[in-house]
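Start at 1 and go down the list; that is how both ligands and their atoms are numbered. Atom set for the values below is all heavy atoms of this structure, side chains included, hydrogens, waters and symmetry mates excluded. Please read these numbers as outputs of a predicted model, since none were measured by experiment.
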Amino acid sequence: MGTQVLEKIVQESKKRLASSLEIEKLPIAGYEQVLKITDKNAALTAIIAIHDTTLGPALGGIRIKPYASFNDALEDVLRLSKGMTHKSAIGEVGFGGGKSVIIADPKTQKTPELLLAFGAAVEQLGGQYICAEDVGCTTEDVKIIRRATQYVVGLAHAKSSGDPGPFTAWGVFRGIQATLARIFGSNSIEGRTIAIQGLGNVGLPLAELLFWHGAHLIFSDIDPIKVEKMALKYGARILPPDQILSAECDILAPCALGGILNDRTIPALRCKGVAGSSNNQLLKSSHAKLLFDRKIVYAPDFVINAGGLLNVSAELEEKGYHPASPRQKIHRIYDTLSAIYEISEKGGESTDAAAISLADYRIKYGIGKRIVPPTFHHNVEI
Ligand code: NAD
């Protein structure tokens, strides 16, 4: 879309929004604020859920999805925003947990009017919720939302954090080391067999790190050309997508899909640990206990994959983004996971439950609470 056309839409939206935007509070126990946002003229129905802001303003992505019903969208945003509270608390980023969903098909119903109306609602929250891209919402969309609110993060500008993939991969690498230390008493990668499901933005830089540290690699991807090329590059063995989860290996690193740890797959696992970047790896939280009972060490996904969050949240530091700051924090994922493994062992509870207890403890005692308000460096946009 041309700049002039967008400018016209922005100006028209500003005039119209004052009268057409509606924000309704939904009373949901355990959540600070859940807001239903509607704008008939912009065909917008969205929900913003702010779960907890004890440690700082709520930070979380915008998911754009054609949910089957409003209740499905509500269920999703409640689950996701609570997950963000835990992830931020564990990462000690000085943010709380929030998330938003826009009920629309991102391929056909995502208009500038809809995005601007959503942005106007975010602006009205005065910084209690800071939004970013997520499934169905691109950086280009966030750029449009930015025209209606300053409370966005993850845009391309002179001091932006850029591709989170390598940062997430570094966190997963450190998490794999901590998991190996738990299993074998040594964190050395040398000679260990590691199976990676998905060679994308995270899986590929992870493969590179593991290769140089002496791992034997097993790869799987639904893209046959990519997997063959990469297997040649790193001397990896290839397994088809339907066999990777039962690969005999030391560590299985899921870096593709959610819900892969379930009643069907857990009994078939032949790994000693699961440590990868995928979000929502457990189909249900009860599956963490199944892994615990099988003595498979599971690195909770929201702990090991926090590198992306740590990276993007560094953009809001007072001095602006510098990659050394998230690098240092991501490095410590090793210590955080080691502590979680200890809590799990001592308490006889799953690693997932132990991670949630640790997050709740940090919230209760304000550990990692934000002191300086976030700074938005939008003046350096390119
Ligand atoms: P991506 O889309 O770049 O890569 C995913 C890869 O998985 C692709 O190569 C795809 O072909 C492959 N794939 C899809 N289905 C597969 C299957 N059934 N078997 C094997 N391979 C399959 O995604 P990404 O950015 O690398 O993220 C991977 C996972 O990590 C996602 O669940 C994502 O939500 C999560 N995550 C990513 C980041 C990040 O910084 N990118 C941060 C936190 C969490």
Side-chain angles (χ1 to χ4, degrees), residues 59-65 76 79-80 83-84 86-88 90-91 93 99 132-139 153-154 160-176 194-210 217-231 233-234 236-247 249 252-262 264-265 268 274-283 299-315 323 326-327 329-330 333:
L59 177 68
I62 310 153
R63 188 160 287 194
I64 306 182
K65 202 174 149 179
D76 209 24
R79 181 180 62 86
L80 293 166
M84 283 308 294
H86 292 144
K87 193 166 182 165
S88 291
I90 288 280
V93 285
K99 201 87 181 186
E133 65 172 296
D134 196 69
V135 179
C137 178
T138 64
T139 13
V153 69
S160 78
S161 56
D163 176 11
F167 288 84
T168 305
W170 176 238
V172 174
F173 178 82
R174 294 290 290 151
I176 288 175
I194 298 171
I196 305 179
Q197 180 195 40
L199 300 170
N201 291 323
V202 181
L204 273 182
L206 174 66
E208 172 99 15
L209 289 165
L210 292 168
L217 294 167
I218 303 175
F219 288 168
S220 186
D221 200 288
I222 48 169
D223 179 341
I225 298 169
K226 177 157 67 174
V227 78
E228 274 191 33
K229 194 172 154 200
M230 292 304 148
K233 183 173 176 188
Y234 296 113
R237 195 152 67 85
I238 300 175
L239 278 180
D242 61 351
Q243 288 176 27
I244 190 70
L245 296 175
S246 53
C249 57
L252 170 70
C255 297
L257 310 163
I260 47 115
L261 299 171
N262 53 49
R264 186 178 52 82
T265 58
V274 178
S277 74
S278 292
N279 276 315
N280 308 316
Q281 290 173 35
L282 303 165
L283 187 62
D301 47 13
F302 66 92
V303 180
I304 192 169
N305 75 11
L309 171 69
L310 288 160
N311 189 46
V312 78
S313 60
E315 280 186 18
R327 180 184 59 190
K329 287 186 181 169
I330 295 167
I333 285 179

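In summary, the aromatic rings of F173 and W170 are positioned with their centroids under 6.0 Å apart.
Other residues, nucleotides and ligands contribute over 12 non-hydrogen atoms within 6.0 Å of the CZ atom of R79.
The residue from I196, I194, L245 that alone fulfils the side-chain contact (heavy atoms from CB on, under 4.5 Å) condition with L252 is L245.
Qualifying side chain to side chain contact (heavy atoms under 4.5 Å, CB included) partners for D134, counting only residues two or more places apart in sequence or in other chains: R63, K99.
With E315 contributing its side chain and S161 its backbone, the two residues share a donor-acceptor pair below 3.5 Å.
Between Y234 and F219, the ring-plane angle classifies as perpendicular under the 30° and 60° cut-offs.
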Could you list each N/O atom of ligand 1 together with any protein N/O atom closer than 3.5 Å, one pair per line with the distance?
residue	atom	partner	partner atom	Å
ligand 1	3 (O)	N201	N	2.9
ligand 1	3 (O)	N201	ND2	3.2
ligand 1	9 (O)	D221	OD2	2.7
ligand 1	9 (O)	K226	NZ	2.8
ligand 1	11 (O)	D221	OD1	2.6
ligand 1	26 (O)	N201	N	3.0
ligand 1	26 (O)	V202	N	2.9
ligand 1	30 (O)	S277	O	3.3
ligand 1	30 (O)	S277	OG	2.8
ligand 1	32 (O)	A256	O	3.3
ligand 1	32 (O)	N279	N	3.4
ligand 1	34 (O)	N279	ND2	2.9
ligand 1	40 (O)	T168	OG1	2.7

